[in-house]
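Numbers here simply count residues along the sequence, with the first being 1. Here the structure is a predicted model, which is why all the values come from computation and not from measurement. Basis for what follows: all heavy atoms, side chains included, without hydrogens, waters or symmetry-related copies. In listed order, ligands and their atoms are each counted from 1.
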Amino acid sequence: MLDQIEPLKQAALSDLQQATDLTMLDRAKSAHLGANGRFTGLLKQLGQLPREERPAAGKAINLAKVELETALASRRAELETLAAMPKEATDFTLPGRRRPLGRLHPLTRTTEDIVRSFRKLGFVVADGPEIEDDYHCFDTLNTPADHPARDSQDTFYVPTDPRLLLRTHTSSVQIRVMEKQQPPVRIIVPGRVYRRDTADATHNPTFHQVEGLYVDRGVTVGDLKGTVEFVFRELMGPETKIRFRPHYFSYTEPSFEIDFSSSLTRKMGKEWLEIAGCGMVHPQVFENVGYDPEVWTGWAFGFGIERIAMIRYGINDIRLFYQNDVRFLHQF
Ligand code: DAH
């Protein structure tokens with residue numbers, strides 16, 4: 001009987017291995033290990049052996065049984081994995097799935113172009129908070145609480161702190177930078193601003209500006225004009241002309257509005273289009289940040305990025321920038 005164990009075990013192992021699906025495996029299992037299986041038959045014969053041979057034979061049979069059960073379990077796992085795989089073979093000649101490439105938003109592109117031009121002239125980008133206090137947004141810019149200029153820049157206030165508001169212009173960053181840094185200063189500040197405006201084709205409660213500030217000894221309006229002209233020619237084409245009109249801002253003296261003229265403005269049916277505010281930094285602003293106005297001179301400007309992007313790309317409704325309609329965004 002002992003010499004039957006090994007051949008029966010080998011036969012069972014080979015049937016288990018040859019099963020190519022789970023049905024075949026179950027059939028092999030009951031043929032060898034089931035109640036009437038060939039291997040199970042060995043156990044039944046055990047009782048007929050002489051008493052002294054039984055322990056050795058029982059031990060050998062059990063060892064072989066454990067081996068068979070292990071083989072059964074591992075073949076079952078293999079076949080289950082196979083069964084879970086797709087029936088069709090993989091076709092490696094199929095083209096891959098292309099991920100569509102995204103692109104920059106027209107406002108981002110315009111901002112980057114503006115920044116690139118100013119960098120050529122040695123300006124660096126500065127940054128400031130969008131939740132501002134009225135001190136930086138208005139007071140230090142010579143616009144006290146009772147100043148009429150505040151009316152045109154009504155904004156959103158933070159209910160928990162009456163001093164906090166969403167900045168109405170990037171001019172607040174002029175103050176933040178000058179408080180921290182001694183002259184010379186040569187910065188531009190692209191950023192988001194907020195106003196209590198209702199949305200229409202040319203207004204939105206949030207939009208973007210670029211602020212510029214240049215402080216050094218002996219700075220003139222000529223430097224301002226030359227700088228603005230250089231940048232606008234880069235942005236709008238080499239035949240672009242600019243002109244300054246007298247205006248009022250509380251933080252500059254004298255103050256101007258800047259108009260420009262190019263093939264783009266003529267396409268829109270206008271010779272001149274207003275594009276920015278600017279001027280020579282008011283001596284009181286220098287006093288407010290601790291700069292000596294007898295030593296330092298400077299200019300500042302601010303303009304809207306949407307305005308420039310609309311003119312460059314011929315966009316007639318500002319709201320298109322914020323709706324994220326891919327049919328619009330896809331065109332840039
Ligand atoms: N802050 C002004 C606005 O939002 C724009 C502006 C005008 C900025 C004159 C300046 C400036 O720096 O000097 O309308």
Practice prompt. If you have a sec, work out which protein heavy atom is nearest atom 12 (O) of ligand 1 and how many Å separate them, to one decimal?
Written response: Glu211 OE2, 2.6 Å

Practice prompt. Taking the side chain as every heavy atom from C-beta outward, state whether Ile258 and Val228 have any pair of such atoms under 4.5 Å apart.
Written response: yes

Fill in: Gln174 neighbourhood, listing ligand 1 atoms whose heavy-atom distance to it stays under 4.0 Å
12 (O)

Worksheet item: Which ligand 1 atoms are under 4.0 Å away from a heavy-atom of Ser171?
Response: 1 (N), 8 (C)

Worksheet item: Got an N/O contact under 3.5 Å between Phe249 and ligand 1?
Response: no

Practice prompt. Could you list the atoms of ligand 1 found under 4.0 angstrom from a heavy atom of Thr252?
Written response: 13 (O)

Worksheet item: Counting heavy atoms only, which part of Cys278 comes closer than 4.0 Å to ligand 1: side chain, backbone, both or neither?
Response: backbone

Worksheet item: Do the non-hydrogen side-chain atoms of Leu42 and Leu8 ever get within less than 4.5 Å of each other?
Response: yes

Item to complete: Without swapping roles, check the side chain of Arg196 against the backbone of Phe156 for a donor-acceptor pair under 3.5 Å.
Response: no

Discussion item. Suppose the criterion is salt bridge (charged side-chain N to carboxylate O under 4.0 Å, His left out): which pairs have a residue in residues 166-191, not counting sequence neighbours?
Written reply: Glu132-Arg176, Asp133-Arg176

Practice prompt. Would you check whether Tyr251 reaches within less than 4.0 Å of ligand 1, judged by its heavy atoms?
Written response: yes

Worksheet item: Got a sec, which residues hit salt bridge (charged side-chain N to carboxylate O under 4.0 Å, His left out) with Asp317, two or more places apart in sequence or on another chain?
Response: Arg319

Worksheet item: Are Lys225 and Phe244 in a cation-pi contact, defined as NZ or CZ under 6.0 Å from the six-membered ring centre and within 45° of the axis?
Response: yes

Fill in: Nearest non-hydrogen protein atom, atom 14 (O) of ligand 1
Arg195 NH2, 3.8 Å

